[in-house]
Amino acid sequence: MRWSSLFIPTLRDAPAEAEAASHRLLVRGGFIRQLQSGHYSMLPLGWRVHEKVAAIIRQEMNAIGGQEFFLPAMHPASLWQKSGRWETMGDEMFRLTDRKGAELALGMTHEEVFATLAAEITSYKTLPQVWYQIQTKFRDEPRPKSGLLRVREFFMKDSYSFNLDDAGLDAAFDAHHAAYTRIFARLGLDAFPVQASSGAMGGSASVEFMVASPAGEDDVARCNGCGYAANVERASAALDPVENRPGSDTPESFNTPGIRTIAALAEAGHPAEHQIKSLLYNVNGQLTVLLLRGDHPLLEQKFIDYTGATDIEPAEADDIRSALGASPGSLGAVGVTDLPIYADLALQGRSGMTTGANIDDVHLTGVDVERDIKVDHWVDLRGILEGEACISCGEPLSIVRCIEAGHIFKLGRKYAEAMGAKVLDADGVTQTITMGSYGIGVGRAMAAAAETHHDDNGLQWPMTIAPYEVVITIVKTDHQESMAAAENAYAELQAAGVDVLLDDRPGRPGVKFADAELVGIPLRLTVGPRGLENGQLEFADRRDGIKSDLAVDQATQHITDLVNQGRRLGT
RNA sequence: CGGGCUGUGGCGCAGCUUGGUUAGCGCGUCGGUCUGGGGGACCGAAGGUCGGAGGUUCAAAUCCUCUCAGCCCGACCA
């Protein structure tokens, strides 16, 4: 293609609202434009990248036996009512009503629809199956952000495996794991698998593929010693042993006027690790007590995963007061019998602890957790902290901010059950199919690549997903010899199957160099009178910045070789 | 949903505190001349219901009320 006839609206300044590097550069480079919060138009350059990402995903999905579908984005409410998610998805699901008054939803994922199709499988002989699509998802995100990283309308590759038994599901899951590893490598993403919470999706196991980036939204605990990696939503770490302070036969109360926080109580001689943090939550409408060690943060997702609760929020001060008789700052669980109590495992065996007395400005000390508190459930509730020891090897854990590029789930039989996806096995016995589901956000993968491949001058696309692989920059468009040489190279590269862009715009070379770098085309061939005098074209590699001169008659071959090399490596 | 912030030509901003000519500036765009190896210079031009509605006033981008939109930080997800 010729740059002079393309729509590539590059900007010198990034829009003020764009902060993430990928957001700024994708807008500046003329790849995307925002229509409204969470909805982006893909411009021609952006769509080329998007389609290259999708093509790689397709190849790898097909390689593990995936069959491509294309399902409706609009679903009847009845489908989601069957699985129970019409309720549980809450405000996250876009809902609408048609002219007949029928309720509809815009699909946020497609377990229900695929499971409905899977109900047509009647024999174990038809299994296993791997089905996928690349299709628009709609999610009414509370807070879209960072350009393409978090949006309300996006293309997702979602695939679903259908197997007769757990061993089959394990194999399908492993195949996806391997395919995802290949996909991200080819996209130029340094993604690593981490143990993850399954969240609202349910199911027994899930793994996220993470790309370290400050623009991400997830924190991952990572061990450099043994390779342990887990989303902090479910990461655990070894506890530093704490020696209990001397206890007493019964808790003793003492006055603590004006002391309302863990920190204040610590200053008053009760170190945080010897305090019990008492939190009150509304859990599906039930007032519930959560207990942690004073210096440990609550990780709500762990609680949600343990209880299966769909709706939790900190309790209102009024409700707390009427239930316990005190305000936050003086709360405790000693003597509480009428509320469910969940205690973090770090409190097991602890005594000589300090906690609120449920009387304003009074605390208790000498508390023995197991003796004095009616704990209903011992649960891992705490968020781990940077530097705590790895549970398997003892090395300190680091916490890394990441972009979630992919997520794979073992779903089990929940959806197949709801949709009636059953088969007869070899013994003629009816079995419910077991499912897995596997997702990659195409636009997010693209943004993650932009996020991790750029410099001050712009993007540095990996060859595999670059909108064009080579740009030929003509320094002087009114110089006959330059034009002829550029046209010649352009024709040769096209003939070699290279995605080549000819920057034939009249104008100053500085603008063209800057645009080529902003847009991030991996290889640049500069054609100008200065080089041609010596029978040379100048070559620049955007990825490493290295420049060299190439003889006119060897340039296109050299570049073709580099393109082919880059396509293989994903660099 | 809680907290912070912003809406003025395509992009970046000033003007608002203390209402008062025709709403400015840089970039970009169009025409022209000179240029031509890292966002060039000069001349000329187009382009704005100042987010929207209501109000105060002789007079509103500016003051008041309501509202909408967008961004960032936290609770949710590919």
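Residue numbers start from 1 in every chain, and the chains themselves are labelled A, B, ... in the order their sequence lines are given, proteins ahead of strands.
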- Ring centres of A/Tyr342 and A/Phe303 under 6.0 Å apart? yes

- Item | Modelled atom types, side-chain donor and acceptor of A/Glu153 and A/His39, under 3.5 Å | yes

- Query: Counting any heavy atom closer than 4.0 Å, what does A/Pro142 reach on the DNA or RNA strands: base, sugar-phosphate only, or nothing?
  - Reply: base

- Message: Under a plain distance cut-off of 3.5 Å, with no hydrogens placed, do A/Gln286 and A/Thr288 share a side-chain donor-acceptor pair?
- Response: no

- Quote, to the nearest angstrom, the P distance that separates B/A45 from B/G70. 38 Å

- Scan A/Gly528 against the nucleic acid and name what it touches under 4.0 Å (heavy atoms): base, sugar-phosphate only, or nothing. base

- Message: Between B/C73 and B/G32, how many Å separate the two P atoms, rounded to a whole number?
- Response: 47 Å

- Message: Between A/Gly510 and A/Gly38, which residue's closest nucleotide on RNA chain B lies nearer the 5′ terminus?
- Response: A/Gly510

- In whole angstrom, give the distance that lies between atom CZ of A/Phe154 and atom P of B/A78. 8 Å

- B/C13 versus B/G51 - spacing of their P atoms, nearest Å: 15 Å

- Message: Base, sugar-phosphate or nothing for A/Ala445? Non-hydrogen atoms, less than 4.0 Å.
- Response: nothing

- Query: For the pair made of NE2 in A/His39 and C1' in B/G70, what is the distance, rounded to whole Å?
  - Reply: 13 Å

- Query: Starting at CZ of A/Arg12 and ending at C1' of B/G10, how long is that distance when rounded to a whole Å?
  - Reply: 15 Å

- Message: By nearest heavy atom, map A/Glu141 and A/Ala16 onto RNA chain B; which one lands nearer the 5' end?
- Response: A/Ala16

- B/G39 base to A/Arg508 side chain: any donor-acceptor pair below 3.5 Å? no

- Query: What about A/Arg143: does its side chain form a donor-acceptor pair under 3.5 Å with the base of B/C76?
  - Reply: no

